[in-house]
Amino acid sequence: AAKAAGKGTYRFFASEMHEQALLRQQIEEDMQRALERGEFHLAYQPVIDTQSNALVGFEALVRWTHSVRGVMSPAVFIPIAEESGLINELGEWVLRTACIEAAKWPSSVSVAVNISPVQFSSQALPTLVTSALAYAGLPADRLELEITEGALLNDTAKTRAAIATLKGLGVKIALDDFGTGYSSLGYLKTIPFDKIKIDQSFIKGATLRGSNNIPIIKAIVGLANDLGMITTAEGVETEDQLALVRELGCTLIQGYIYGRPMDAYSAMNRAQGNGSAASGHRNDRAE
Ligand code: C2E
Ligand code: MG
Ligand code: MG
Ligand code: MG
């Protein structure tokens, strides 16, 4: 009986894996078509200065409304795009579109674009960045590239060279989701990031009343200050968390409390100051 059950289980897993593979392949094909048909769009999430409350920029976040499956999360389709190589095409579209949009905003407002490890390791990235900036007419210092620790190559010298080339173009480099990877601290002192984005998992559940995360946030902010980098607290949702990250000295804040990712029209409104940085999002159109 055990043998039979074992075999049955195996068959079950095998067919489930087969289904997963088919689904993946389907999504991959759909993504290729979606790129051709222009079914992707960008949502923009405000980033606010902790001290002045001013809007300093937006992070561009890719969105895909699938004709059958509806709105799909980038957490689902980005990994598939990375494995299939489609990320190069999608990433280029994101970069170009974000630069074109940002060029319409006041010059004090910048844009951040997420760069996949696949793109980061590509020789073509600096050329793509230069081309996107030139086409949009966006000054380089208004573009920030966000990379995760996963993008940092094993070869530190190579990573430093790649970052130096990008910084040489005049763009800013942010280390995204900081604290969730492995070799965080070592990288910080050897690579001149402009900004560290403290992962939202450290902000979650953090209250003024005390949490295990507070010493960690404190340490990251202290380290960043010492290294001449600024910090963004990601995923700030509540007044309590806002008060805390202010007190801990984070430079910038990004989170639902100041606005969810919104469509380009609402971002433009927000950028032009139609509504205060702190509360203007109530009138924003859904992305
Ligand atoms: P990320 O770069 O760390 O982006 C921040 C994510 O946190 C976004 O999720 C945003 O909607 C979410 N978020 C912001 N504030 C809050 C908050 O207060 N509470 C909560 N619960 N969540 C908040 P999103 O848009 O679903 O993106 C997920 C991830 O997908 C991004 O994480 C990024 O890694 C990736 N991604 C998004 N767009 C792109 C893109 O154009 N290219 C690449 N390579 N990756 C992208
Ligand atoms: Mg990001
Ligand atoms: Mg992040
Ligand atoms: Mg993230």
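Along the sequence shown, residues are numbered consecutively beginning with 1.
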Exercise. Is any side-chain heavy atom of S110 less than 4.5 Å from a side-chain heavy atom of E144?
Worked result: no
Exercise. Below 4.5 Å, heavy atoms only, C-beta onward: do I198 and I216 meet side chain to side chain?
Worked result: no
Exercise. Are V171 and V56 in one and the same hydrophobic cluster, where Ile, Leu, Val, Met, Phe, Trp and Tyr link if side-chain heavy atoms are under 4.5 Å apart?
Worked result: no
Problem set entry | I147 and its side-chain contact (heavy atoms from CB on, under 4.5 Å) partner, picked from D176, I173, I191, N114 | I173
Exercise. What's the shortest heavy-atom distance between I87 and S116, and which atoms?
Worked result: CG1-CB, 3.7 Å
Seminar exercise, completed: When rounded to the nearest 0.5 Å, the distance separating CG of L55 from OH of Y258 is 11.0 Å
Problem set entry | Distance (rounded to the nearest 0.5 Å) between I163 CD1 and K158 NZ | 14.0 Å
Problem set entry | V76-L86 co-clustered via ILVMFWY side chain contacts under 4.5 Å | yes
Exercise. Rounded to the nearest 0.5 Å, what separation is found between the CD atom of Q200 and the CD atom of E237?
Worked result: 7.5 Å
Exercise. Hey, is R96 close enough to E92 for a salt bridge, meaning N to O under 4.0 Å?
Worked result: yes
For this session: Give a yes or no on whether the backbone of W93 and the side-chain of T97 come within a donor-acceptor separation of less than 3.5 Å.
Result: yes
Exercise. Where the side chain of S121 meets the backbone of A151, is there a donor-acceptor pair that is under 3.5 Å apart?
Worked result: no
For this session: Can you establish whether the number of heavy atoms outside N212 located under 6.0 Å from its atom CG is more than 12?
Result: no
Exercise. Hey, does Q119 have a side-chain heavy atom less than 4.5 Å from the side chain of L145?
Worked result: no
Problem set entry | Under-4.0 Å salt bridge between K197 and E59 | yes
Seminar exercise, completed: Scanning both residues in full, the closest heavy-atom pair of P126 with L169 reads O-CD1, 3.6 Å
For this session: Would you check if the side chain of Q45 reaches a backbone N or O of G259 as a donor-acceptor pair within less than 3.5 Å?
Result: yes
Exercise. Could you state the interatomic distance from OG (S211) to NZ (K204), rounded to the nearest 0.5 Å?
Worked result: 13.0 Å
Exercise. With sequence neighbours excluded, what pairs up with F40 under the ring-ring contact (aromatic ring centres under 6.0 Å, His included) test?
Worked result: W64, F77
For this session: Consider only side-chain N and O atoms of D240 and T238, and report whether a donor and an acceptor are under 3.5 Å apart.
Result: no
Problem set entry | Taking every non-hydrogen atom, the tightest pair across P192 and K167 | O-NZ, 2.7 Å
Exercise. Do the ring planes of F58 and W105 sit parallel (below 30°), tilted (30 to 60°) or perpendicular (above 60°)?
Worked result: tilted
Problem set entry | Shortest non-hydrogen contact between P106 and A271, atoms and distance | CG-O, 3.2 Å
Seminar exercise, completed: Interatomic distance, OG1@T148 vs CG@L175, rounded to 0.5 Å, equals 8.0 Å
Problem set entry | R142 side-chain N/O to V109 backbone N/O, donor-acceptor pair under 3.5 Å | yes
Exercise. Do the side chains of T65 and E39 get nearer than 4.5 Å, heavy atoms only?
Worked result: no
For this session: Determine whether E101 and L42 make a side-chain contact, defined as any pair of heavy atoms from C-beta on separated by less than 4.5 Å.
Result: no
Exercise. According to a 4.5 Å side-chain heavy-atom criterion applied to Ile, Leu, Val, Met, Phe, Trp and Tyr, with indirect links allowed, do L90 and V111 form part of one hydrophobic cluster?
Worked result: yes
Exercise. Between D177 (side chain) and T180 (backbone), is there a donor-acceptor pair under 3.5 Å?
Worked result: no
Problem set entry | Which atom of I196 lies closest to which atom of A224, heavy atoms considered | CD1-CB, 3.9 Å
Exercise. Any chain of hydrophobic side-chain contacts (each under 4.5 Å) joining L61 to I257?
Worked result: no
Exercise. Which pair of heavy atoms, one from I230 and one from L252, lies closest together, and at what distance?
Worked result: CD1-CD1, 4.0 Å
Problem set entry | R63 vs P261 side-chain heavy atoms within contact, under 4.5 Å | yes
For this session: Enter the distance from D30:CG to M72:CE here, rounded to the nearest 0.5 Å.
Result: 8.0 Å
Exercise. Quick one: does T50's side chain have a donor or acceptor within less than 3.5 Å of a partner on T251's backbone?
Worked result: yes
Exercise. Should L242 and V47 be counted in the same cluster of Ile, Leu, Val, Met, Phe, Trp and Tyr side chains packed under 4.5 Å apart?
Worked result: no
For this session: Could you verify whether a donor N or O on one side chain and an acceptor N or O on the other, from S266 and N269, lie under 3.5 Å apart?
Result: no
Exercise. Would you find a donor on one side and an acceptor on the other, under 3.5 Å apart, between the side chain of R270 and the backbone of P46?
Worked result: no
